[in-house]
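All ligand and atom numbering here is 1-based and tracks the order in the structure. Predicted model only: the values in this text are computed from it and were never measured.
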Amino acid sequence: MSSIQPVRGTHDLIGEEQRRHTLVVETARRIAGVYGFDEWSTPIFEETRVFSRSLGDTSDVVSKEMYSFNDRDGESLTLRPEGTAAICRALVSNALTQALPQKVFYTGPMFRHERPQKGRYRQFHQIGAELLGAAEPLADAEVIAMGYAVLSALGVAEHVTLELNTLGDAESRDAWRAALVAYFSDYRDRLSEDSLVRLEKNPLRILDSKNEGDRALVADAPRMAEFLTPQAQDFWDELRAKLDVFGIRYKVSPGIVRGLDYYNHTTFEFVTTRLGAQGTVLAGGRYDGLVKQMGGPDVPAIGWAAGVERLAMLLETPPQAPRSVVIVPVGTPDEQALCGILQALRGQGVRTEIGYKGALRKRMERAAKQNASHVLFVGEDELARGLFRVKDMESGQECEVSHQALMMDAGSVFA
Ligand code: ATP
Ligand code: MG
């Protein structure tokens, strides 16, 4: 039998890869806390309709990327392809629309049936933030500032650019959509097959097309900016003024329409040139209509999601593997005393392991191989004297420490 491999587009996270991943998630969680966000966890699968209607039937995600299946009761379920729709569902299910605003941070695996390539997987992970119940541009600016703070804390901010756009309000969007339909209708013969369908069903989607021929047409398509209502224009102006106050630099990019249908007003992406074609690391926007679609009241909202794998790849200095103190028994010391020391060190929060088998030399070799910070020698003699030899594996120097010091202040012995 050939060896069993993980499913195409999925990965095991081991060693440095897991450490990078953990650093990204923990950093984001910490920054989210600083900005006053609470963490929520929602199930990994939902009723299919949570995603199908909200993301838009013609979005790539819904039309070709969802992992949907009928469970044993015949109910259609879907492995979540993204977090926002599920968070809005949770807001409504838990009657939290009575307790607004809610500031939510989440993290976890997402599933999309995409063509696997660098930075694009079938199971990947996101961190995300949603601010539910705030309609003013200050909320948008805060949420963007928080995303930027995460990138800064990870040390990748200097490699990303914030691209910002507005999709306006419903009225602006209707006018724009009409102009787009008129424009693209003149080029029916040059549009991709997918985009011909989009032209009928959801013309804005053409702007997000990855097809090269489409992209050439998109470059000269009517711009949203020409169709903004005075209110939408005010919102847009105020958002940019607030970003200036927060010291966040951006580039206005009319092409940022996002892959999902639920956005209005603000859309943005933090992009990098360092990851090849998969350059978007953090993206989001305002989605004032989504909670209502989930059966709740009108709740204005703004949020973003970021790809953990892409951020993990961007980290310049990978987090170091943790180093242990390794206890190496000399001869055959009393086991109870040995375990007592092991327990005492661990009780003080010192990462401690014990070298088991083999001659002293073998144990030392193993300690070096597992990148021990220190070796603590424990033999009958040491136990009797209450004095132990410690070898600093970095410098190679040895010194003696007392039993008392190990019991009371192991942290500074092995600092
Ligand atoms: P793209 O245009 O790259 O397909 P998207 O618009 O589908 O991205 P979102 O749904 O906004 O992406 O997801 C937010 C972030 O999640 C992306 O910016 C990216 O960093 C990450 N992401 C999305 N899909 C994948 C995937 N298949 N594999 C790894 N990361 C992903
Ligand atoms: Mg996509």
At what distance, to the nearest 0.5 angstrom, does CE of Met146 lie from CD1 of Ile31? 8.0 Å
Could you tabulate the donor-acceptor pairs under 3.5 Å formed by side-chain atoms of residues 129-145, not counting sequence neighbours?
from	atom 1	to	atom 2	distance (Å)
Glu130	OE1	Tyr287	OH	2.6
Glu130	OE2	Thr84	OG1	2.8
Asp140	OD1	Arg286	NE	3.2
Asp140	OD1	Arg286	NH2	2.6
Asp140	OD2	Thr266	OG1	2.6
Asp140	OD2	Arg286	NE	3.1

Test of proximity, Glu309 against ligand 1: N or O pairs below 3.5 Å: no
For ligand 1, find out whether one of its N or O atoms is nearer than 3.5 Å to an N or O atom of Gly307. yes
At a 4.0 Å threshold, what atoms of ligand 1 neighbour a non-hydrogen atom of [X]?
| X | result |
| --- | --- |
| Ala305 | 14 (C), 15 (C) |
| Glu114 | 24 (N), 25 (C), 26 (C), 27 (N) |
| Thr280 | 17 (C), 18 (O), 19 (C), 20 (O) |

Ligand 1 contacted by Lys210 (non-hydrogen, < 4.0 Å): yes
With a 4.0 Å cut-off on heavy atoms, is Gln126 in contact with ligand 1? yes
With heavy atoms under 4.0 Å as the rule, classify the contact between Val61 and ligand 1 as side chain, backbone, both or neither. neither
Non-hydrogen side-chain atoms of Leu91 and Gln102 separated by less than 4.5 Å: yes
When you compare the side chains of Ser195 and Arg198, does any donor N or O come within less than 3.5 Å of an acceptor on the partner? yes
Glu46 bridged to Arg80 by N-O distance under 4.0 Å: no
Return each pair, listed once, that meets ring-ring contact (aromatic ring centres under 6.0 Å, His included) where at least one residue sits in residues 40-76; pairs must be two or more places apart or across chains. Tyr67-His113
